[in-house]
*Asks:* 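Supplied in structure tokens, the structure appears directly below.
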Amino acid sequence: MESSRLLNKFLEKLQIAISRNLNLSSYLDISKLEKILAVDSAYKNSELMVTVGVLWSLKIKDIIEESYVVSKPTYEYIPGLLFIREAPSIIEVVEKISGGWDLLIVDGHGVLHPRRAGLAVIAGFILDKPTLGIAKKLLVGEEAGGGDMGPVYLDGKVLGFWFKDKRKFYVSPGYKIGVEEIPEIIKLMGGRYPEPLEIADRLARKKVNEINY
DNA sequence: GCGACAG
DNA sequence: ATCTTGTCGC
Ligand SMILES: [Mg+2]
């Protein structure tokens, strides 16, 4: 596994180009939001990587379908360039899901990113689907407000929201979703850290641990 | 120059 | 993200 300075620089330019004309207008009918597709990855020994997709129904609060892909990490983790590590297998697991869905949620940031092009932005852009980035820690930006929810500012603009569940988590638009829609969407998902994302995390870890060779 | 730094 | 034992609590 490697990364070259030239390639890193190129990937950053790619992010800038993508975010320059990013479509963040609403393509999501929140009143009809029902099926969520959550994706997450787990690793082992920098040899193995498992990415899982969990198709979740808000109505029945249960899993409808699962998919996964096993691979080998091809790029080291660099803060700000997570997408080159995880986006390729995310695209694969999403395409393996046969059922339809309304919203993709990704474990990582959307526009709450130094170049407004986090993993959720890249994934949504490639798939051309409404996508939200949901992260457990802030990469950039400043939290404001108090209580159990508040905005996150970057360069004087609200680019995301923080929420308090058992832990804090941060939500920002990935693609075809406006930042102002986020509080309502999170409320629809129970006002908590999204269950399907928790399940995808657990499933990926389980899978990566039962594979050995 | 130094520190911070999604997963 | 992963490594990693015991320990606190329902
Ligand atoms: Mg993850």
Side-chain angles (χ1 to χ4, degrees), chain A residues 1-3 5 8-9 11-12 14-16 18-19 22 37-54 68-94 104-126 131-143 151-155 159-175 177 179 182 186 193-194 196-212:
Chain A
M1 190 164 29
E2 56 171 319
S3 76
R5 186 152 184 318
N8 291 345
K9 201 174 163 186
L11 293 171
E12 289 179 6
L14 188 60
Q15 290 177 313
I16 292 166
I18 288 172
S19 63
L22 198 60
L37 179 52
V39 292
D40 194 18
S41 303
Y43 301 83
K44 191 171 194 177
N45 298 332
S46 58
E47 281 292 307
L48 196 59
M49 172 185 185
V50 175
T51 300
V52 165
V54 171
Y68 71 96
V69 64
V70 180
S71 60
K72 177 186 168 72
T74 53
Y75 214 79
E76 71 174 291
Y77 168 68
I78 297 167
L81 292 181
L82 175 64
F83 85 96
I84 196 63
R85 237 169 111 77
E86 300 202 349
S89 35
I90 285 177
I91 305 306
E92 289 295 309
V93 290
V94 167
L104 175 68
I105 58 180
V106 171
D107 181 21
H109 287 109
V111 297
L112 226 35
H113 178 279
R115 292 170 293 281
R116 316 281 192 281
L119 175 61
V121 168
I122 307 294
F125 178 74
I126 293 174
T131 305
L132 224 44
I134 301 185
K136 297 176 284 297
K137 291 189 297 190
L138 221 43
L139 174 62
V140 290
E142 300 165 2
E143 301 174 39
V152 180
Y153 285 86
L154 187 58
D155 297 331
L159 290 195
F161 285 90
W162 63 265
F163 297 85
K164 182 99 166 69
D165 188 21
K166 294 176 181 178
R167 304 287 180 185
K168 258 185 185 173
F169 61 96
Y170 306 85
V171 185
S172 62
Y175 196 63
I177 294 182
V179 67
I182 289 175
I186 295 300
Y193 187 82
L197 212 44
E198 263 181 6
I199 294 169
D201 175 85
R202 187 157 24 87
L203 241 44
R205 207 186 334 269
K206 182 187 173 194
K207 212 84 192 177
V208 88
N209 278 314
E210 61 189 30
I211 298 175
N212 5 261

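Residue numbering restarts at 1 for every chain, and letters A, B, ... go by the order of the sequence lines.
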*Asks:* Check whether any side-chain nitrogen or oxygen of Lys136(A) sits under 4.0 Å from OP1 or OP2 of dA6(B), and answer yes or no.
*Replies:* no
*Asks:* What pair of heavy atoms forms the shortest contact from Asp107(A) to Lys136(A), and how long is it?
*Replies:* OD1-NZ, 2.8 Å
*Asks:* Tell me whether the rings of Tyr175(A) and Phe125(A) are parallel (<30°), tilted (30 to 60°) or perpendicular (>60°).
*Replies:* perpendicular
*Asks:* Go through dC5(B), dA1(C), dC3(C) for me and flag the one nearest to the Arg205(A) side chain.
*Replies:*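 Per side-chain heavy atoms of Arg205(A), the pick is dA1(C).
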*Asks:* Hey, is Tyr43(A) doing a stacking thing with dG7(B), by the 5.5 Å centroid and 30° angle criteria?
*Replies:*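 Stacking is absent between dG7(B) and Tyr43(A), given that the ring centres and planes do not meet under 5.5 Å and under 30°.
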*Asks:* Have a look at Asn45(A) and say if it touches a base, only the backbone sugar-phosphate, or nothing, with a 4.0 Å heavy-atom cut-off.
*Replies:* nothing
*Asks:* Whole angstrom is fine here: how far is it from CD in Glu47(A) over to P in dC3(C)?
*Replies:*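 Interatomic distance, CD of Glu47(A) to P of dC3(C): 13 Å.
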*Asks:* After noting the C-alpha distance and the side-chain angles of Glu12(A) and Leu81(A), does the key distance pass the side-chain contact (heavy atoms from CB on, under 4.5 Å) rule?
*Replies:* CA-CA 8 Å; Glu12(A) 289 179 6; Leu81(A) 292 181; 4.2 Å; yes
*Asks:* Please report, rounded to the nearest Å, how far the P atom of dA4(B) is from the CD atom of Glu143(A).
*Replies:*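 For the pair Glu143(A) CD and dA4(B) P, the rounded distance is 17 Å.
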*Asks:* Mind checking if Ile90(A) touches a base, just sugar-phosphate, or nothing, with heavy atoms under 4.0 Å?
*Replies:* nothing
*Asks:* Between Glu86(A) and Tyr77(A), is any side-chain donor less than 3.5 angstrom from a side-chain acceptor?
*Replies:* no
*Asks:* Provide, to the nearest angstrom, the distance between the CG atom belonging to Leu82(A) and the C1' atom belonging to dC5(B).
*Replies:* 12 Å
*Asks:* Distance check needed: dC5(B) P versus His109(A) NE2, whole Å only.
*Replies:* 12 Å
*Asks:* CD of Gln15(A) versus C1' of dA6(B): gap in Å, rounded?
*Replies:* 12 Å
*Asks:* Which nucleotide wins on minimum distance to the side chain of Leu139(A), given the candidates dC3(C), dG7(B), dC5(B)?
*Replies:* dC5(B)
*Asks:* What is the distance from CZ of Arg115(A) to P of dA6(B), rounded to the nearest Å?
*Replies:*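 Rounded to whole Å, this separation is 13 Å.
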*Asks:* Starting from C1' on dC5(B), measure out to CD on Glu76(A) and report it in whole angstrom.
*Replies:* 13 Å
*Asks:* Going by side-chain contact (heavy atoms from CB on, under 4.5 Å), Thr51(A) matches just one of Val94(A), Ile90(A), Ile91(A). Which one?
*Replies:* Ile90(A)
*Asks:* To the nearest angstrom, how far is Leu112(A) atom CG from dC5(B) atom P?
*Replies:* 14 Å
*Asks:* At under 4.0 Å between heavy atoms, what does Gly133(A) touch on the DNA or RNA strands: base, sugar-phosphate, or nothing?
*Replies:*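 It contacts nothing in the nucleic acid.
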*Asks:* Between dA1(C), dA6(B), dC3(C), which nucleotide gets closest to the side-chain atoms of Asp201(A)?
*Replies:*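 The nucleotide sitting nearest to the side chain is dA1(C).
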